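Structure first, commentary second.
This structure is a prediction, so every number in the text was calculated from the model and none was measured.
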Amino acid sequence: MLLHNIEELRKQRKEWQGLKVGLVPTMGALHEGHLSLIKKAKETCDRVVVSVFVNPIQFGPSEDFDKYPRTLDKDMELCNKEGVDIVFAPSPKEMYGEGSRLSNDTLTYVCPPFFYVNKLCGKTRTGHFDGVCTVVLKLFNIVQPDYAFFGQKDAQQVVIVKKMVKDLNVPVEIIQCPIVREESGLALSSRNKYLSEEGKKDALVLSGILNNIKACYNRGITDIKSLKETAYSFLTEKQDLEYLEILDRDTLEEQESADDNSIALIACRVEGVRLIDNIYLKG
């Protein structure tokens, strides 16, 4: 069932009283990574809602909002095949009102703590996580799910959403699901569509760096500076490294040395396309 209207969705939600409801928030252009979240939701819940919404308030002025892939018909086919109960695809006007309201001058935003935002993707994407938390909390209020499913690839986002849910006492359990990769090792992303075949090969540097850091850690190297320095032999002029960090995977805190709760995270531009990836050093 495809719904565009909040009130229609709420009406349907009332009919599901007593059932476990799962939400998979997406921006569409669904791929196997999204489908893995949907499959997990189907295993866990009685009813599943997939939101398809390219959220304008999480994109910066120079980011790819206008060209972000929008493939609702194909997304619907995939969701129907997976047995999704509702695909919720609202317009920006349905979610936020008239376009002139899309700023924090006139629209209520949810602003996560600076500690979690002022690092990794948040350093270069000013306001991004304000936009993410605002839309995610709105979706939680609209759908009222028991469970919400997020992918590990957006690790900082998952930590921030979990923090928001805890701090604001939102009655939803966040389920994090593993990264899904192409056979080559490239983490699946809707932005991979922007890459040429050569660009996809160049993008394998991200997973190569992460796997090498994990291998070095498993050989006993725990000094974070030494682990990060192993990346430089992988990089060429075809990759523009934005960050490479090793942090506590639950809190995103810096560590004196890597341990079994560490996560290595990387962001890199290839052919102008911003890609992210991460790996747990243990497990």
Interatomic distance, CE@M76 vs CG@L2, rounded to 0.5 Å, equals 5.0 Å
Q.
For the backbone of P90 and the side chain of H4, can you confirm whether one donor and one acceptor N or O come within less than 3.5 Å of each other?
A. no
Within-4.5 Å side-chain heavy-atom neighbours: F150 and V161 = yes
* Is the backbone N or O of I6 less than 3.5 Å from a side-chain atom of E94, with the two atoms forming a donor-acceptor pair by type? -> yes
Margin query: Could you tell me if the side chain of D277 sits less than 4.5 Å from the side chain of R181, heavy atoms only?
Written below: yes
>> Just checking E254: does its CD atom have more than 12 heavy atoms from other residues, nucleotides or ligands closer to it than 6.0 angstrom?
In response: no
Residues pairing under ring-ring contact (aromatic ring centres under 6.0 Å, His included) where one sits in residues 214-243, two or more places apart or in two chains, turn out to be none
So the ring-ring contact (aromatic ring centres under 6.0 Å, His included) pairs with at least one residue in residues 12-32 (sequence neighbours excluded) are H31-H34
Value for CD (E32) from CD1 (I38), rounded to nearest 0.5 Å, stands at 10.0 Å
So CG of L252 and CD of Q156: to nearest 0.5 Å the spacing works out to 6.0 Å
Going by chain and number, the hydrophobic cluster around L186 (ILVMFWY, side chain to side chain under 4.5 Å) further includes L204
Do the side chains of E245 and L120 get nearer than 4.5 Å, heavy atoms only?
yes
*asked:* Other residues, nucleotides and ligands only: do more than 12 of their heavy atoms fall within 6.0 Å of NZ on K214?
replied: yes
Tightest non-hydrogen contact, residues S190 and G28, listed as OG-O, 3.6 Å
Is the shortest side-chain heavy-atom distance between Q176 and F149 below 4.5 Å? no
Between K42 (side chain only) and G83 (backbone N and O only), is there a donor and an acceptor less than 3.5 Å apart? yes
Any side-chain donor near an acceptor of the partner, N211 and S207, under 3.5 Å
no
Between L37 and V158, is there shared hydrophobic-cluster membership here, with clusters defined by ILVMFWY side-chain heavy atoms closer than 4.5 Å? no
Donor-acceptor pair, side chain of K200 and main chain of S196, under 3.5 angstrom: no
**Prompt:** Would L275 and V270 count as a side-chain contact (heavy atoms from CB on, under 4.5 Å) if you check the C-alpha gap in whole Å, the side-chain angles of each, and the deciding distance to 0.1 Å?
**Reply:** CA-CA 7 Å; L275 304 171; V270 177; 4.3 Å; yes
Discussion item. Just so I know, are the side chains of T44 and K20 near enough to count as touching, which here means a heavy-atom distance under 4.5 Å?
Written reply: no
Quick one: do L227 and L210 end up in the same hydrophobic cluster if we chain Ile, Leu, Val, Met, Phe, Trp and Tyr together by side-chain heavy atoms under 4.5 Å apart? yes
Contact check, side chains of F88 and V52, non-hydrogen atoms, under 4.5 Å
no
Can a donor-acceptor pair be found, under 3.5 Å and without considering hydrogens, that links the side chain of T26 to the backbone of S51? yes
Residues 130-142, side-chain donor-acceptor partners within the protein, below 3.5 Å, at least two apart:
from	atom 1	to	atom 2	distance (Å)
T134	OG1	V110	N	2.8
T134	OG1	D130	O	2.7
K138	NZ	M95	O	2.9
N141	ND2	L137	O	3.4

**Message:** Looking at E82 and K39, is there a salt bridge between them, counting it only when a charged N and a carboxylate O are closer than 4.0 Å?
**Reply:** yes
Linking I/L/V/M/F/W/Y whenever their side-chain heavy atoms sit closer than 4.5 Å, directly or via other members, would Y116 and I263 fall into one cluster? yes
| Between D85 and V48, is there a donor-acceptor pair closer than 3.5 Å when you use the side chain of the first and the backbone of the second? | yes
Sequence neighbours excluded, the answer for salt bridge (Lys or Arg N to Asp or Glu O under 4.0 Å) partners of D64 is R191
(Q) Counting C-beta onward and ignoring hydrogens, is there a side-chain heavy-atom pair between V143 and L9 closer than 4.5 Å? (A) yes
Practice item. Report the C-alpha separation of N55 and Q58 in whole Å, then their side-chain angles, then the decisive distance to 0.1 Å, and conclude whether the side chain to side chain donor-acceptor pair (under 3.5 Å) test is met. Key: CA-CA 6 Å; N55 179 33; Q58 71 186 64; 2.9 Å; yes
Correct closest heavy-atom pair for R249 and V159 would be O-CG2, 3.7 Å
Please check if V50 and Y147 belong to a single hydrophobic cluster, counting links between Ile, Leu, Val, Met, Phe, Trp and Tyr side chain heavy atoms closer than 4.5 Å.
yes
Would Y280 and D260 satisfy side-chain contact (heavy atoms from CB on, under 4.5 Å), going step by step from the backbone distance to the final call?
-> CA-CA 8 Å; Y280 291 155; D260 287 355; over 6 Å; no
### Query
Do I276 and C121 pass the side-chain contact (heavy atoms from CB on, under 4.5 Å) test, and can you show the C-alpha distance, the side-chain angles, and the key distance before you say yes or no?
CA-CA 9 Å; I276 61 173; C121 295; 3.9 Å; yes
Side-chain contact, heavy-atom cut-off 4.5 Å: I246 with K228? yes
Rounded to the nearest 0.5 Å, the CD atom of E77 sits from the CG atom of L30 at a distance of 11.0 Å
Quiz prompt | In one Ile/Leu/Val/Met/Phe/Trp/Tyr side-chain cluster, 4.5 Å: V180, L206 | solution = no
- Please confirm whether the backbone N or O of L23 pairs with a side-chain atom of D146, one donor and one acceptor, at under 3.5 Å? no
Tell me whether S257 contacts the main-chain N or O of T222 through its side chain, where contact means a donor paired with an acceptor under 3.5 Å. no
Exercise. Look at R10 together with E7 and state whether they make a salt bridge at an N to O cut-off of under 4.0 Å.
Key: yes
| message | Quick check against the 3.5 Å criterion: does N261 have a side-chain atom that pairs as donor or acceptor with the backbone of D248? | response | no
Nearest heavy-atom contact between L188 and G33 is CD1-N, 3.5 Å
Correct closest heavy-atom pair for L195 and A203 would be CD1-CB, 4.2 Å
Let's go through S262 and L247 carefully: what are the C-alpha distance in whole Å and the side-chain angles of both, what is the deciding distance for side-chain contact (heavy atoms from CB on, under 4.5 Å) to 0.1 Å, and is it a yes or a no? CA-CA 5 Å; S262 298; L247 305 171; over 6 Å; no
Residues passing the ring-ring contact (aromatic ring centres under 6.0 Å, His included) test with F59, sequence neighbours excluded, are F65, Y68
query: For Q152 and N278, does a side-chain donor sit closer than 3.5 Å to a side-chain acceptor?
result: yes
Tell me whether E256 at atom CD has more than 12 heavy atoms from other residues, nucleotides or ligands lying less than 6.0 Å away.
no
Here the gap from D73 atom CG to L78 atom CG, rounded to the nearest 0.5 Å, amounts to 11.0 Å
message = I'd like to know if the side chain of D223 reaches the main chain of S226, judged simply by a donor and an acceptor atom lying under 3.5 Å from each other, with no hydrogens or angles considered.
response = yes
Separation between SG (C111) and CZ (F129), nearest 0.5 Å, reads 13.5 Å
Could E242 and R274 be called an ion pair, given the rule that one side-chain N must be under 4.0 Å from one carboxylate O?
yes
Closest heavy-atom pair, T230 versus C216, reported as atoms and distance to 0.1 Å, is CG2-SG, 4.1 Å
Flag if over 12 foreign heavy atoms under 6.0 Å of NZ, K193 = yes
Heavy-atom closest pair (R13 atom, Q144 atom, distance to 0.1 Å) is NH2-O, 2.9 Å
